Amino acid sequence: MPSVDELLAVIDGYKDEMIEALKELIRIPAIGPENGGDGEFERARYLRELVEHCGFEEIELFDALDERVRLRLRPNIVARKRGTSDQTAWIVTHMDTVPPGDLDSWSYPPFSPRVVDGKLYGLGAEDNGQALIASLFAAKAINSFGLSGEKTMGLALVADEECGNEKGIKFLIREGVFRSGDLIYVPDYGVPDGSVIEVAEKSLLWLKITVEGIQAHASSPGKGINAMKVGSKFMTFLLDHLTEKYGKLNDLFIPPNSTFEPTKRLQTVGNINTIPAEDVFYFDFRVLPEYEIEEVKKSVETIARLFEERSGARIKIETEQITKAGPPSSTNTEAMKALVSAIKMVRGIEPVARGIGGGTCANLFRQVGFDAYVWQTVDGVAHAINEYSKIDNLIADAKVFAAMLATICYPNHFER
Ligand SMILES: [Zn+2]
């Protein structure tokens, strides 16, 4: 009988191959149509081959129709290694990335990966390339022993995570890929020492605010209604109001409070001496699950009506995204225990369960009744200029996934 140490040593032997695989993934852009991209088709074509290379014979493609991209489809890859039971331990990762932003700011071109001082730089290296490659090679290591397992081992590589999940994980959930009793891991958030397992998320509300005033010459403000002035006053008043009204703290979460941030603001007039008739800006709110997210939205509407009356401007509120937080996942499940013991074994640390403000696919599972666990080891450079993955984390996380999957799917096959 092979030992767990032998299993982990197999992963050390994959190091160069894993680096090459992550580099190749980064070279093939996979940006959604909302951000001007063509989706994940090309990247998925490469990854499908890689999944096969990692010892999976049962590979299904779930293509979600999307008129906005070339070839009109958003691919999702579902791979299974059957055990005697259909109950499946899933690792779910996403193939898509956000756009690179200002190319000139990158020291290393975002689609030309390179390794410098133990870090692999490139767009999507951390989000979600590292975990995607780590989970694939964890499975490859297990598959290399040619055993037949008990529970089924499953990998889901999904599209459309960065822009709402409609063509990705939501599509797979609707298609019935995941069954009651399955164990769900979503390695799409983590901390630098790997000590946090995310078991809960905040509700999310993205709003677009359009303030409509009346254009005028800047020297005669009385003839117009300055939309930017109204917008700015509304914004600061509203954010203070929400921060106070929804001010509870919950220590499970990092940070423990609800957050209310203005983010994007569109350009108004092109010249300095015109009073703008329009001001358009966006909010990103992350709200603790003890509050109803619909209530927060109602509060925004109430304050907007107040400012409309006072100013004479019109304030339009549009919801760009609203996601209600599902219930926190139990820390007393087989899935949690297997992950905790794998982290202890590989990293020698005792992880803690926490909640976060960021949104991952895990919440979509929690909404429909699954417990889902989010863990990986990353420096938190997702969506940042010069995003990278530490090679040591790539390898160590693959070992954690391998030890965890071995415990769940092959409980009597590896000596401990
Ligand atoms: Zn991600």
Side-chain angles (χ1 to χ4, degrees), residues 21-22 25-26 28-35 37 39-40 43-44 47 64 74-77 90-101 110-111 113 120-136 155-173 184-192 194 196-202 204 206 254 263 284 286 321 323 325-326 354-367 372-390 393-394 397-398 400-401:
L22 182 50
L25 174 151
I26 290 166
I28 313 168
I31 296 167
E34 293 86 349
N35 291 316
E40 305 81 359
R43 184 174 285 187
L47 290 174
R74 307 290 294 279
N76 295 276
I77 303 171
W90 293 100
I91 298 183
V92 181
T93 53
H94 67 88
M95 297 185 281
D96 59 316
T97 72
V98 292
F111 302 106
L120 201 169
Y121 288 88
L123 178 68
E126 172 180 312
D127 184 16
N128 195 207
Q130 177 183 307
L132 190 155
I133 297 298
S135 59
L136 271 175
L155 297 182
L157 282 56
V158 304
D160 195 24
E161 194 275 339
E162 297 291 358
C163 293
N165 298 293
E166 278 306 324
K167 311 291 181 186
I169 200 66
K170 284 187 184 174
F171 178 65
L172 290 188
I173 289 172
I184 310 284
Y185 299 97
V186 184
D188 199 15
Y189 163 83
V191 297
V196 170
I197 299 173
E198 188 255 87
V199 297
E201 289 173 20
K202 294 174 186 171
L204 175 149
W206 286 356
I254 320 166
T263 51
D284 178 331
R286 313 287 170 124
Q321 204 184 136
T323 311
R354 302 297 296 271
I356 61 164
T360 73
C361 297
N363 188 48
L364 301 167
F365 285 102
R366 292 181 190 131
Q367 282 174 349
Y373 303 91
V374 182
W375 175 88
Q376 61 175 340
T377 313
V378 287
D379 284 353
V381 289
H383 302 202
I385 300 291
N386 295 329
E387 180 178 354
Y388 63 83
S389 157
K390 273 189 186 152
N393 290 338
L394 175 68
D397 284 11
V400 170
F401 295 145

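Note that the structure is a prediction, hence the values are computed from the model and not measured. For ligands, and for the atoms within them, numbers begin at 1 and follow the listed sequence.
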Item to check | A362 backbone acceptor or donor facing E201 side chain under 3.5 Å | outcome: no

Checklist entry - Any salt bridge between K167 and E34, counting N to O under 4.0 Å? => result no

Next on the checklist: Test side-chain contact (heavy atoms from CB on, under 4.5 Å) on L120 and I26; report intermediate values, then the result.
Outcome noted: CA-CA 10 Å; L120 201 169; I26 290 166; 3.7 Å; yes

Checklist entry - Tell me, do Q367 and T323 make a side-chain contact under 4.5 Å, heavy atoms counted? => result yes

Next on the checklist: Is the shortest side-chain heavy-atom distance between T93 and D188 below 4.5 Å?
Outcome noted: no

Item to check | Environment of the Zn ion (ligand 1) in terms of protein N/O/S atoms, cut-off under 2.8 Å | outcome: H94 NE2, D127 OD1, D188 OD1, D188 OD2

Next on the checklist: Restricting to ring-ring contact (aromatic ring centres under 6.0 Å, His included), what partner residues turn up for F365, sequence neighbours left out?
Outcome noted: F178, F370

